[in-house]
Peer 1: 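Right, I'll just put the structure down here and ask away after.
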Amino acid sequence: MSIKDQISIINSEIKGKAELVVVSKTRSIDEIIEAYDQGQKKFGENRVNELVEKFNKLPNDIDWHMIGHLQKNKVKYISEFVSLIHSLDRLSLAKEIDKNAKKYNRSIDCLIQIKISKDETKYGLNPSSLNSFYSDLKEFENINIIGLMAMASFTKNQDLIADEFKEMQEIFVGMKAINSNFKILSIGMSDDYSLAVENGSNMIRVGSKIFGKRNY
Ligand SMILES: *Cc1c(COP(=O)(O)O)cnc(C)c1O
């Protein structure tokens with residue numbers, strides 16, 4: 001199926017509930033243009049170099065989302081233009097984002113990445129540290145926390161994934177009740193976005209379902 005067809009199917013499935021971030025990592029400019037021509041404006045990348053290169057080559061009304069693990073020394077390359085950072089998970093990174101945002105006289109929207117899966121390789125903040133982390137972030141005037149992001153376990157076990165999404169939904173609803181700036185719950189990828197939307201996701205990040213399998 002074509003990129004265009006996949007995008008319309010996904011968009012009709014999530015209509016009125018969630019927004020689609022097209023995950024364009026490893027994809028060519030032509031493939032991205034095909035998605036863009038279908039009306040997509042939000043694209044997600046997980047590597048800074050690739051994100052910067054694509055930002056420079058593609059139309060400037062695209063909202064670029066940084067969805068992958070972010071190293072402090074690379075923050076400076078994306079601070080002028082990044083639209084949303086999904087992967088804020090430590091104070092030292094927040095400090096760096098805040099400093100760079102100030103340079104450009106802007107405020108950068110961020111999601112706090114929560115480690116919900118028991119997998120060893122996943123980044124993110126332990127849910128039990130969320131409240132104190134969030135209050136530590138208040139000193140950073142040029143960071144805007146607008147929600148949470150998480151990745152489910154890498155497994156075919158749908159019940160486990162559903163439990164993880166339910167836990168994320170609870171955490172999100174709890175934060176939202178006391179912080180009116182919490183708006184976004186970014187959960188759900190190609191294989192699990194329907195389950196995520198059933199459990200309160202309002203932003204899904206989908207790559208291979210749209211473009212086909214990646215080679216890594
Ligand atoms: C690659 C990636 C996705 C998209 O994965 P697909 O399975 O291709 O949909 C979503 N979120 C993050 C953080 C990713 O790195």
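Just so you know, ligand 1 is whichever comes first in the structure, and atom 1 is the first atom listed for that ligand.
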Peer 1: Once the angle between the rings of Phe81 and Phe55 is folded into 0 to 90°, is it parallel (under 30°), tilted (30 to 60°) or perpendicular (over 60°)?
Peer 2: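 It falls in the parallel class, under 30°.
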
Peer 1: Report the residues that fulfil side chain to side chain donor-acceptor pair (under 3.5 Å) with Glu164, sequence neighbours left out, ordered by chain and then residue number.
Peer 2: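 Counting only residues at least two positions away or on another chain, Glu164 forms a side chain to side chain donor-acceptor pair (under 3.5 Å) with Ser153.
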
Peer 1: For ligand 1, does His86 get within less than 4.0 Å through its side chain, its backbone, both, or neither, judged by non-hydrogen atoms?
Peer 2: neither

Peer 1: Give the other cluster members for Ile9, using side-chain heavy-atom distances under 4.5 Å between Ile, Leu, Val, Met, Phe, Trp and Tyr residues; answer none if it is isolated.
Peer 2: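 Members besides Ile9, by chain and number: Met1.
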
Peer 1: Select one of side chain, backbone, both or neither to describe which atoms of Lys209 lie under 4.0 Å from any atom of ligand 1, heavy atoms only.
Peer 2: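 It is neither; nothing of Lys209 touches ligand 1.
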
Peer 1: Parallel, tilted or perpendicular: which describes the rings of Tyr123 and His69, with under 30° parallel and over 60° perpendicular?
Peer 2: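 Answer is parallel, since the angle falls under 30°.
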
Peer 1: Which of the atoms in ligand 1, numbered in the order shown and given with their element, are less than 4.0 Å from a heavy-atom of Val206?
Peer 2: 9 (O)

Peer 1: State whether the shortest distance between N or O atoms of Gly207 and N or O atoms of ligand 1 falls below 3.5 angstrom.
Peer 2: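 Looking only at distances, the answer is yes, because the N/O contact criterion of under 3.5 Å is met.
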
